[in-house]
Amino acid sequence: MSNIIECRSLCFSYSEGESKTSVLDNLNFEIKPGEKVAIIGQSGCGKSTLLNLIAGLDNPSEGEVFINSSNIAKLNEQDRTELRSKYLGFVYQFHHLLNDFSSLYNVSLPLLIKNNNKNEALVKATNILKKVGLENRLNHKPSELSGGERQRVAIARAMISEPTCLLADEPTGNLDANNAQDILDLIIELNENKRTALLIVTHDLSIANKMDRKFELINKALNEI
Ligand SMILES: Nc1ncnc2c1ncn2[C@@H]1O[C@H](COP(=O)(O)OP(=O)(O)OP(=O)(O)O)[C@@H](O)[C@H]1O
Ligand SMILES: [Mg+2]
C-alpha cells in the first residue's frame, strides 16, 4: 500500500542573512494510511518545523516530502492547497483561528472553501463542535474563548473534512487532564472509525504510548523508540 506521507533525505535549515541554522538532517520517514504515529523531542528540536514541511508550509532545503505520492514542493500554490485540503488536517501549536469569525464559521471554513453546500457545512460544523463540548460556544469568536476552547475549535476544524492524515502539533498542550483525555479519545475514534492516519507531536508520554509507533526527534534526526 502506498504511503500517505513519505519524507526522503529531508534536510532543513533556517536562513538568517548570511548564517544558516540546520534543524533537520537527512530524515527518512513514512506513514501508511490508518497508522498512528507520535513524535516527541525537546523544545526547539524541530518538531513544528517538520510538520510545516510535511504540510508544505515550508520547502525542504534538500530532499523530498511526498503526500499520497505527490512531491508537495513541486506543486504550484493552487495544487498544493488542493492536495493539502484533500488529504491533510492540521492542528497548529498556536491554533491560527480567524479572529473575526465565530467558532461555527472557523470550523465550517474548510468545507466552504471546497464549495460544499453552506447549510450542510454549518450543520456538520455544529455537530463536530458538540463533539468537542462547545455546543454553547458556536457564536463566540476566538478572543471570547479560553485557550483550551480555542484549541478544541482548531481540532474540530481539522477534523471536519475527514482528512486521510491528521497532523497535530501538541493538540492537548493547553488542556486540563479531563479535556485532554476527551480530545485524545476523539482523535483515536477518528482513527478507528475513518482510518485517519495520525501524526501527533506531543510532550505527553501517555498520548505517545497510545500510538502504533513513536519517534524521538534528536540531533536533527528521527529515531524510533
Ligand atoms: N523562522 C525561524 N527562523 C529561524 N529559526 C527558527 C525559525 N523558526 C524556528 N526556528 C528555530 O528552529 C528550531 C526548531 O524550532 P521548532 O519550532 O521546529 O521547534 P519545536 O521542536 O517545535 O519546539 P517546541 O517544542 O518548543 O514547540 C528552534 O531552535 C527555533 O529557534
Ligand atoms: Mg513546536
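Counting starts at 1 for both ligands and their atoms, in listed order. Only heavy atoms go into these numbers, but all of them, side chains included; no hydrogens, no water, no symmetry mates.
With rounding to the nearest 0.5 angstrom, the CG atom of Asn68 is 11.0 Å from the SG atom of Cys165. In this structure, Thr172 OG1 and His203 NE2 are separated by 10.5 Å, a value rounded to the nearest 0.5 Å.
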Chi angles and distances behind the side-chain contact (heavy atoms from CB on, under 4.5 Å) call for Asn28, Asn26 | CA-CA 7 Å; Asn28 289 289; Asn26 194 26; 3.8 Å; yes
Run the numbers on Tyr14 and Ser22 for side-chain hydrogen bond (donor to acceptor under 3.5 Å, both in side chains), then give the verdict.
-> CA-CA 6 Å; Tyr14 286 107; Ser22 162; over 6 Å; no
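Ile225 forms part of a hydrophobic cluster together with Ile40, Leu205, judged by ILVMFWY side-chain heavy-atom separations under 4.5 Å.
Residue Leu111 comes nearest to Lys124 through the heavy atom pair CD1-CD, 3.9 Å, listed as atom of the first residue, atom of the second, then distance.
Taking distances strictly below 2.8 Å, the protein N/O/S atoms close to the Mg ion (ligand 2) are Ser48 OG, Gln93 OE1.
The one candidate from Asn209, Asp204, Thr202 that meets the side-chain hydrogen bond (donor to acceptor under 3.5 Å, both in side chains) condition with Ser206 is Asp204.
Every protein residue with a heavy atom nearer than 4.0 Å to ligand 1 is included here: Tyr14, Glu16, Val23, Gln42, Ser43, Gly44, Cys45, Gly46, Lys47, Ser48, Thr49, Gln93, Glu170, His203.
Lys214 places no side-chain N or O within 3.5 Å of a backbone atom of Ile39 that could act as its donor or acceptor partner.
Sorted by first then second residue, the ring-ring contact (aromatic ring centres under 6.0 Å, His included) pairs that include residues 104-136, not counting sequence neighbours, number zero.
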